[in-house]
Amino acid sequence: MKRKRKILSLIAVLLFAIGITSEVRTVTVSAASPYKTYTIDGYGQYMVETQTAYLAKKTIIKFGSEFLKNPNDMVVRDDGTIYVADTGNSRVIVGDINGKLTRKIGEGVLKTPMGIFVTDNNHVYVADRGAEAVFEFDENGTVLNQYGKPDNPLYGDGLSFLPLKVVVNDAGIMFIVCESNTNGIVEISPSEGGTFLGYFGTNYASTSLQTIIYRAILTKEQRAKMVSNIPSTPDNLAIDEKGLIYTVTRGDDDTSLKRLNIAGANMIASGKTQGVYDEAPAAVAVGNHDNIYVASQMGYIYEYNNTGEPLYVFGGQDDGTQREGLSTLVSSIQVDKNDNIYVLDADRCQIQVYEPSEFTQKLHNALYLYSKGRYTESREPLTEVLKMNSMFDYANKAMGRAYFQEENYEQALKYSRLAKDKEGYSDAFWEMRNVWLKNNIVMGLGLIVLLYIICKVIGILDRKKGILNGPRKVKERIGQNKVMSNLAYAKYFMKHPIDGSYGIAREGRASWASASILLVIFMIEYIVNKYLCGFLEKTVREGRYEIPSDIGSILVVIVALTACNYLVCTINEGEGTVKKIYTYFCYSLLPYIIFTPVNFVLSHVLTSNEEFIITLLNLLIYVWVLLLAVLGMKEVNNYTGKETFKIICLTLFTILIVALLIFIIYVLWAQVFEFISAVFGEVVYRLGY
């Protein structure tokens with residue numbers, strides 16, 4: 001009997017414990033999160049895993065004994081009060097983070113509350129789609145005002161008023177997202193019972209070149225059948241302390257997140273998000289450090305800094321296991337004064353609460369100090385962040401900018417390079433170059449004058465005493481060598497391609513050795529310039545070298561050009577041999593060989609503002625090389641201009657066909673090899689058996 005009583009007592013205790021914890025399900029934070037945290041690398045190309053930024057802290061499933069039903073929006077106040085638009089129950093629930101119910105608002109008044117906003121004086125604005133109105137309640141739940149469809153022709157007589165989300169600025173002006181209203185955010189003043197001020201932050205419809213062509217050639221009836229190209233309606237919005245409006249819009253790709261000023265212009269430059277955005281954003285919130293949070297419907301959370309650059313991506317969709325930190329259908333996101341994130345899951349009818357990790361707290365502290373101009377103070381938390389993760393590119397970038405503001409340009413250059421921050425690197429390098437020029441300009445001018453005098457003196461002595469006769473004879477002997485003579489002829493071909501082509505075709509200037517030497521020099525310069533050029537011009541990742549692949553690619557291209565051009569010219573009565581064709585292709589590379597070292601030097605001394613010089617020089621090089629190759633093809637084969645164009649097209653087509661054949665052979669051989677391996681494996685298995 002005593003044993004039975006103990007068992008019954010144990011069961012009772014367990015049932016009592018389950019009943020106590022049913023209101024709020026609290027998660028004990030562990031090292032293993034159900035999701036990973038990612039950040040963008042310094043190149044802005046790949047998402048890389050980093051430390052956990054936010055940890056799942058708590059899940060709120062009800063307030064008091066009141067469960068949520070299809071909730072669509074919420075607000076978290078500084079005092080910890082949570083307001084939830086409980087859409088399915090036609091009310092607003094007010095509670096706290098511990099799941100305690102404070103009060104209910106709007107019962108018997110609201111129909112389909114979709115959006116909610118609470119002002120500093122605790123007035124609650126509710127966007128009610130079903131009632132086609134925005135309600136204003138006081139903190140006790142008394143209806144103060146009701147704003148329906150604006151009685152203004154500028155609103156649009158044929159448009160319904162179906163409010164989904166609402167925010168209010170300090171002046172009491174409401175900004176309302178309405179369902180299917182593509183004109184933009186509806187702006188209503190509270191004066192005179194609701195005055196329509198116009199549309200705000202209108203999105204623009206993107207038009208492709210294909211659509212423009214179609215609309216130009218199709219008839220009116222055909223254009224009427226095309227899918228209408230209309231702007232997207234914002235999905236959600238938020239407002240910060242300065243009165244700036246933030247919106248998220250699905251389908252707008254890199255501009256899905258916008259920060260709108262008083263004129264409705266987007267202050268986040270296109271491309272700043274570096275391609276890190278969600279195709280189905282559900283909500284947006286403003287943090288305490290000028291940072292921005294965007295939640296996707298699928299449960300992913302994106303954090304950006306004040307310029308729109310991505311910091312973190314974390315979270316994810318629940319796979320049915322109901323793990324804390326994962327959601328199924330997000331409808332709202334909020335941030336409290338302690339940087340805790342609240343995510344409302346409309347499908348699971350619960351609120352996920354995340355708390356920032358130590359790593360994120362230090363980063364936020366640095367962001368705050370930096371945004372306030374306290375650059376020296378920001379370096380301390382940034383140093384702590386980098387101790388925890390030295391490869392966190394954004395921290396390196398912020399450190400570089402902090403050093404730049406302190407005029408420590410050497411350190412700014414170092415950290416900007418670590419972060420792959422070309423803009424910051426360029427600014428720091430500009431200042432360092434200015435300092436160097438100020439300190440060395442007199443000495444530099446003196447050296448130039450000295451070199452000029454030395455050259456003049458040597459010229460005078462040479463004319464009087466012939467001191468350069470020895471080097472001159474050596475140069476003549478080298479020039480008599482056939483290979484060196486042909487190398488020198490490549491320079492003549494570069495300057496006079498028509499006459500130079502005649503020499504290749506008729507005067508024996510075609511040379512396997514000379515052409516191959518130029519090709520080797522070209523490959524060396526290409527590799528050196530690719531991997532060792534200035535930081536601002538580098539297009540490859542630091543520490544990655546693919547030299548065998550580069551050499552192989554160049555050889556494949558030159559062999560394919562030579563072989564295919566020879567085949568095409570042979571069947572089109574061309575006079576070029578393989579040797580001549582190979583020669584004029586290699587000789588055409590000389591402009592690159594001569595001017596690339598200049599570009600290489602410039603890449604180490606120019607800043608972003610002067611990069612156009614390198615761009616222009618590259619354009620000159622490529623046009624010159626192409627022109628030499630075309631003229632060589634024309635003159636060596638004795639073609640007309642029309643025939644040359646035909647040969648170029650046929651050569652490119654032949655290269656394409658050859659590449660396709662090689663690919664087909666490769667695939668077939670891979671299948672044959674796989675078949676042989678399978679047969680061999682089966683034989684070995686049976687013999688072993």
Side-chain angles (χ1 to χ4, degrees), residues 43 417 420 422 425 429 475 478-479 481-497 500-501 504 509-563 565 579-608 610-633 655:
Y43 297 96
R417 180 153 191 163
K420 281 71 74 178
K422 291 191 175 183
Y425 183 94
F429 183 73
K475 181 181 177 182
I478 292 174
N481 181 276
K482 188 175 181 181
V483 174
M484 299 305 297
S485 176
N486 285 330
L487 284 174
Y489 188 79
K491 185 178 179 181
Y492 179 80
F493 173 78
M494 185 183 77
K495 294 180 178 179
H496 309 283
S501 298
I504 294 173
R509 288 295 186 174
S511 169
W512 289 106
S514 300
S516 298
I517 290 173
L518 289 177
L519 181 60
V520 170
I521 296 173
F522 169 82
M523 289 190 292
I524 293 172
E525 287 192 6
Y526 175 81
I527 292 170
V528 170
N529 188 60
K530 180 178 179 180
Y531 296 106
L532 300 178
C533 66
F535 174 73
L536 296 177
E537 290 298 312
K538 186 168 290 188
T539 57
V540 295
R541 290 173 171 265
E542 296 281 356
R544 288 195 179 181
Y545 298 96
E546 300 173 344
I547 296 176
S549 175
D550 294 330
I551 294 174
S553 299
I554 294 171
L555 291 176
V556 167
V557 169
I558 199 71
V559 169
L561 278 174
T562 302
N565 189 244
K579 183 179 180 181
K580 293 175 182 178
I581 292 172
Y582 175 73
T583 299
Y584 68 65
F585 274 135
C586 291
Y587 281 11
S588 299
L589 300 174
L590 193 59
Y592 182 95
I593 294 171
I594 292 176
F595 292 107
T596 292
V598 178
N599 256 352
F600 180 80
V601 173
L602 290 176
S603 70
H604 287 275
V605 298
L606 298 184
T607 64
S608 297
E610 302 139 354
E611 277 186 302
F612 72 93
I613 298 174
I614 298 176
T615 302
L616 288 176
L617 190 53
N618 277 330
L619 181 63
L620 173 65
I621 291 171
Y622 296 139
V623 170
W624 202 340
V625 168
L626 182 62
L627 184 63
L628 290 177
V630 171
L631 290 176
M633 190 184 305
I655 292 174

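Everything numeric here is computed off the predicted structure, so don't read it as measured data.
Taking CG of Leu617 as the start and CG of Leu602 as the end, the distance is 7.0 Å to the nearest 0.5 Å. Distance check, rounded to the nearest 0.5 Å: CG of Asn529 to NZ of Lys538 gives 10.5 Å. With values rounded to the nearest 0.5 angstrom, Ile554 atom CD1 is found 7.5 Å from Ile551 atom CD1. Put simply, OH on Tyr425 and NZ on Lys420 are 13.5 Å apart, with the number rounded to the nearest 0.5 Å.
Within the structure, the side chain to side chain donor-acceptor pair (under 3.5 Å) test picks out the following pairs touching residues 615-627 (sequence neighbours left out): Asn599-Asn618. Among pairs with a residue in residues 610-633, those fulfilling salt bridge (charged side-chain N to carboxylate O under 4.0 Å, His left out) read Arg433-Glu610, at least two apart in sequence or across chains.
Under the rule for a side-chain contact (heavy atoms from CB on, under 4.5 Å), the partners of Val520 that lie at least two apart in sequence or sit in another chain are Met523, Ile524. Listed by chain and residue number, Phe600 satisfy the side-chain contact (heavy atoms from CB on, under 4.5 Å) test with His604 (two or more places apart in sequence, or in another chain). Annotation: ring-ring contact (aromatic ring centres under 6.0 Å, His included) contacts of Phe493 (sequence neighbours excluded): none. Looking at residues two or more places apart in sequence or on another chain, you find a side-chain hydrogen bond (donor to acceptor under 3.5 Å, both in side chains) between Ser608 and Ser426. Remark: Asp550 engages Lys530, Tyr531 in a side-chain hydrogen bond (donor to acceptor under 3.5 Å, both in side chains) (not counting sequence neighbours). Considering only residues two or more places apart in sequence or on other chains, Phe429 meets the ring-ring contact (aromatic ring centres under 6.0 Å, His included) condition with none of them. Applying the side-chain hydrogen bond (donor to acceptor under 3.5 Å, both in side chains) test to Thr562 and every residue at least two apart in sequence or in another chain returns nothing. For Tyr526, the ring-ring contact (aromatic ring centres under 6.0 Å, His included) test picks out no residue, with sequence neighbours left out. Legend: residues meeting side-chain hydrogen bond (donor to acceptor under 3.5 Å, both in side chains) with Ser511, ordered by chain and number and at least two apart, are Ser514.
Residues Gly534 and Ser603 share a closest heavy-atom pair of N-OG, 2.9 Å. Annotation for Ser501 and Pro497: closest pair OG-O, 2.6 Å, computed over non-hydrogen atoms. Of all heavy-atom pairs spanning Val483 and Ala513, the tightest one is CG2-CB, 4.1 Å.
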Output a table of donor-acceptor pairs, distance under 3.5 Å, between side-chain atoms of residues 584-598 and any protein atom two or more places apart or on a different chain; print 'none' if there are none.
unit_1	atom_1	unit_2	atom_2	d
Tyr584	OH	Asn565	OD1	2.7
Tyr587	OH	Asn486	O	3.3
Tyr587	OH	Arg509	O	3.3
Ser588	OG	Tyr584	O	2.5
Ser588	OG	Ala629	N	3.2
Thr596	OG1	Tyr592	O	2.7

Derivation and outcome, side chain to side chain contact (heavy atoms under 4.5 Å, CB included), residues Leu487 and Met484: CA-CA 5 Å; Leu487 284 174; Met484 299 305 297; 3.9 Å; yes
Stepwise side chain to side chain contact (heavy atoms under 4.5 Å, CB included) test for Leu519 and Leu555: CA-CA 9 Å; Leu519 181 60; Leu555 291 176; 4.2 Å; yes
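Counting heavy atoms from C-beta outward, Lys580 and Thr583 have side chains that stay 4.5 Å or more apart.
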